[in-house]
**Student:** 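The following block contains the structure, expressed as structure tokens.
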Amino acid sequence: MVNLTDITDLYIPPPIDDIPDVDEDKPVGGEQPHIIGEHRIPYLIFGSGTFANQYNPDTLLNSETPLRTVRLALRYGICAFDTSPYYGPSESILGAVLRSLADIFPRTSYQLMTKAGRYGLDRSSFDYSPETVRASVLRSLSRLGTDHLDVVYMHDVEFVATQVPGGSNAGNHLKSLENPGVWGLTPGEEARIWGDGDQLVLEAVRELWKLKSEGKIKAVGITGYPLPTLLRLALLILHNPPYKPLDIILSYSHYTLQNSIFSAYVSEFKHRAKVGQLVAASPFSMGLLTSTPPAWHPAPAELLSAKDQAIKSCEGWDGGLPDLALGFHLREGDGEMKDVPRAIGFSTVREVHEAVKAWRQVKNGDNEERRTCEESAKEIFRNAGYEGYSWQSPPL
């Protein structure tokens, strides 16, 4: 059982009166993100994984920057925050910031979305036991300074779920819709428990249902990377006691310039698995579509090389490949993608301004040059054989 009692993340923001509130802290006038679905989630969600050393140094995390960034987001109407115990001090930093802002933005003005089950980098840091799930949620409530959480996901379910025989899940995930048997998606087998890992996932989700019945959680969900696994588990949960569909699923790095396969899965999640709400996260694919991806990024060398080519091809666009990737992710898209909120990680006020600007641009009508530059980048990934490519997760 993972130890959740260690004190590892004390954070005290500067006094609110000492925080600058200058022009860059003010929102630019214009449209604000609309609210979607029965869970009342804004179209833009603040991804708080940035409040961790995976993405930022302690010098930023211990500064006034987190408070200024959250405050600006709330002023723009970005009123939902996604975090996790896995993101180091993220929950504690976010909770402390929101307490400092409580007089301006009370708890009723925003939503809190966190996760349970993953607490570190390796597989030994996963614990889906009901006891740990409950302890984790109670600790998150304390860290975030609230009596309820709007969403709790089981985090990175592919690391715990039983691997369906068939080997690697790397490649184009459209194949699972064309050949469902290889991925455990054969119609009529939705209730099949493939092994002990699947049972652990079911028991963890049942504990979240209990916490929901107690009023501590409003929505229950799962997150993960491989789309076939997310779909299989959503169906498994629906077709096993208590025979209820998930309230929500978060998918990341699958609605990007390099890989937008998620859009092909939306109907499967919503109509076959009856999932109430979907969320698409990570427009930069965990930093892949930037000039400096993190050293730990799992993309293969050939994909990283194609990204470097795309960076060069987009130099003529203001903001380059990252801005194009952000705009693509934020564009509503066709059909049911219009009802899918987008989660974006923010580290600074500048990034909040840039995201809102990009969203307003693509929402109010793209210019032809943006679309042309996007297509140029996609063509590079396509020619390299990596458009629509998903890396293996978990590693074999």
Side-chain angles (χ1 to χ4, degrees), residues 1-6 9 37-41 45 48-49 79-87 90-92 94-95 98-99 107-108 110-120 125-161 193 197-224 230 233-250 269 273-279 281 341 343:
M1 183 173 178
V2 171
N3 183 0
L4 300 181
T5 60
D6 292 342
D9 45 74
E38 64 175 297
H39 298 294
R40 308 283 301 160
I41 299 173
I45 298 171
S48 306
C79 54
F81 298 87
D82 177 87
T83 182
S84 171
Y86 172 54
Y87 306 151
S90 174
E91 286 186 324
S92 296
L94 179 61
L98 290 170
R99 284 191 289 274
R107 177 65 180 90
T108 53
Y110 57 82
Q111 298 213 25
L112 291 171
M113 316 165 88
T114 192
K115 307 175 184 75
R118 183 171 193 178
Y119 306 99
S125 67
F126 284 83
D127 190 339
Y128 272 41
S129 67
E131 298 81 8
T132 298
V133 170
R134 177 170 288 271
S136 182
V137 169
L138 295 178
R139 187 179 70 168
S140 294
L141 288 167
S142 176
R143 286 175 164 182
L144 291 164
T146 184
D147 62 357
H148 72 278
L149 297 162
D150 297 282
V151 176
V152 177
Y153 304 99
M154 293 311 303
H155 200 169
D156 287 345
V157 287
E158 72 266 27
F159 285 83
V160 176
I193 298 172
D198 284 358
Q199 190 63 49
L200 286 171
V201 173
L202 287 171
E203 291 172 0
V205 170
R206 286 174 191 146
E207 190 63 25
L208 291 184
W209 290 126
K210 291 180 184 177
L211 288 159
K212 181 178 179 179
S213 71
E214 297 166 14
K216 294 180 174 66
I217 294 173
K218 289 189 175 182
V220 171
I222 60 174
T223 77
L230 284 176
L233 291 174
L235 292 166
L236 179 74
I237 290 163
L238 174 63
H239 290 275
N240 278 277
Y243 304 105
K244 295 195 293 187
L246 288 166
D247 295 314
I248 189 166
I249 285 178
L250 182 148
F269 282 124
K274 312 297 183 186
V275 177
Q277 182 65 63
L278 302 173
V279 175

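On a predicted model such as this, the values are computed, not experimentally measured, just so you know.
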**Student:** Working note: Y153 + M113, criterion side chain to side chain contact (heavy atoms under 4.5 Å, CB included); need CA distance, chi angles, decisive distance, verdict.
**Tutor:** CA-CA 8 Å; Y153 304 99; M113 316 165 88; 3.6 Å; yes
**Student:** Any side-chain to backbone donor/acceptor pair from R118 onto G120? Under 3.5 Å, distance only.
**Tutor:**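 Present.
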**Student:** Say whether, by atom type as modelled, one donor and one acceptor occur between the side chain of K115 and the main chain of T83 under 3.5 angstrom.
**Tutor:**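 Yes, the answer is positive, given that a donor and an acceptor are paired below the 3.5 Å cut-off.
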**Student:** For D198 and L233, what are the C-alpha separation, side-chain angles and deciding distance, and is it a side chain to side chain contact (heavy atoms under 4.5 Å, CB included)?
**Tutor:** CA-CA 8 Å; D198 284 358; L233 291 174; 4.0 Å; yes
**Student:** Do the side-chain N and O atoms of S48 and S90 include a donor-acceptor pair separated by under 3.5 angstrom?
**Tutor:**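 Distance-only check fails for S48 and S90.
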**Student:** Give, for atom NZ of K274 and atom CG of L235, the distance between the pair rounded to the nearest 0.5 Å.
**Tutor:**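 Reported to 0.5 Å precision, the distance equals 10.5 Å.
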**Student:** Quick check for you: to the nearest 0.5 Å, what is the distance between L246 atom CG and L278 atom CG?
**Tutor:**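 These two atoms lie 10.0 Å from each other.
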**Student:** Identify the heavy atoms of R134 and K210 that sit nearest to each other, and give their distance.
**Tutor:**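 Between these two residues, the closest heavy atoms are NH2-CB, 4.1 Å.
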**Student:** What distance do D127 atom CG and L4 atom CG have between them, rounded to the nearest 0.5 Å?
**Tutor:**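 Here the rounded value is 7.5 Å.
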**Student:** Please indicate whether K212 has more than 12 foreign heavy atoms, meaning atoms of other residues, nucleotides or ligands, lying under 6.0 Å from its NZ.
**Tutor:**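 Counting neighbours around NZ of K212, more than 12 heavy atoms of other residues, nucleotides or ligands fall under 6.0 Å, so yes.
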**Student:** Please check this pair: side chain of D247 against backbone of V220, looking for a donor-acceptor N/O pair closer than 3.5 Å.
**Tutor:**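 Such a contact is found between D247 side chain and V220 backbone.
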**Student:** Heavy atoms only: give me the nearest L236-N240 pair and the separation to one decimal.
**Tutor:**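 Closest approach of L236 to N240, heavy atoms only: O-ND2, 2.9 Å.
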**Student:** Once rounded to the nearest 0.5 Å, what's the spacing between atom CG of L138 and atom NZ of K216?
**Tutor:**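 So the CG of L138 and the NZ of K216 are separated by 6.5 Å.
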**Student:** Could you tell me if the side chain of P341 sits less than 4.5 Å from the side chain of Q277, heavy atoms only?
**Tutor:**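 Result yes, sub-4.5 Å side-chain heavy-atom pair found.
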**Student:** Tell me, do L98 and L112 make a side-chain contact under 4.5 Å, heavy atoms counted?
**Tutor:**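 Contact flag for L98/L112 side chains = yes.
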**Student:** Side-chain contact test, heavy atoms from C-beta onward, threshold under 4.5 Å: evaluate it for I237 versus L202 and give yes or no.
**Tutor:**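 Result yes, sub-4.5 Å side-chain heavy-atom pair found.
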**Student:** Ignoring hydrogens, what is the shortest heavy-atom contact between T146 and R107? Give both atom names and the distance.
**Tutor:**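 Heavy atoms only, the tightest pair is OG1-NE, 2.8 Å.
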**Student:** Taking Y128 for the side chain and V205 for the main chain, is one N or O donor matched with an acceptor at less than 3.5 Å?
**Tutor:**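 A pair under 3.5 Å: no.
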**Student:** Kindly determine whether L208 and M154 satisfy side chain to side chain contact (heavy atoms under 4.5 Å, CB included), including the steps that lead there.
**Tutor:** CA-CA 9 Å; L208 291 184; M154 293 311 303; 3.7 Å; yes
**Student:** If you draw a 6.0 Å radius around CZ in R40, do more than 12 non-hydrogen atoms from other residues or ligands fall strictly inside?
**Tutor:**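 Open.
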**Student:** To the closest 0.5 Å, what do you measure between CG (L144) and CZ (F81)?
**Tutor:**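 Between L144 CG and F81 CZ, I get 11.0 Å after rounding to 0.5 Å.
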**Student:** Heavy atoms only: give me the nearest S140-E91 pair and the separation to one decimal.
**Tutor:**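 That closest heavy-atom pairing would be OG-OE2, 2.6 Å.
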**Student:** How close do A343 and V279 get, heavy atom to heavy atom, and via which atoms?
**Tutor:**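 Minimum heavy-atom separation between A343 and V279: CB-CG1, 4.2 Å.
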**Student:** Looking only at heavy atoms, which two atoms of A204 and V133 are closest? And how far apart?
**Tutor:**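 For A204 versus V133, the nearest heavy atoms are CB-CG2, 4.0 Å.
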**Student:** Check whether any side-chain heavy atom of I249 lies under 4.5 Å from a side-chain heavy atom of T223, and answer yes or no.
**Tutor:**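 Answer no - side chains too far apart.
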**Student:** Could you check whether S136 and Y119, counting side-chain N and O atoms only, form a donor-acceptor pair closer than 3.5 Å?
**Tutor:**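 Note: Y119 and S136 side chains meet the donor-acceptor criterion.
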**Student:** Would you give the length of the straight line joining atom NE2 of H148 to atom NZ of K218, rounded to the nearest 0.5 angstrom?
**Tutor:**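 Here the rounded value is 4.0 Å.
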**Student:** Any heavy-atom pair between the side chains of P245 and V275 that's under 4.5 Å?
**Tutor:**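 With C-beta onward as the side chain, the pair stays apart.
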**Student:** Check whether more than 12 heavy atoms from other residues, nucleotides or ligands sit under 6.0 Å from atom NZ of K244, and answer yes or no.
**Tutor:**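 Above 12, so yes.
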**Student:** Y87 and side-chain contact (heavy atoms from CB on, under 4.5 Å): which partner among T114, L94, D82?
**Tutor:**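 Considering T114, L94, D82, a side-chain contact (heavy atoms from CB on, under 4.5 Å) with Y87 is found only for D82.
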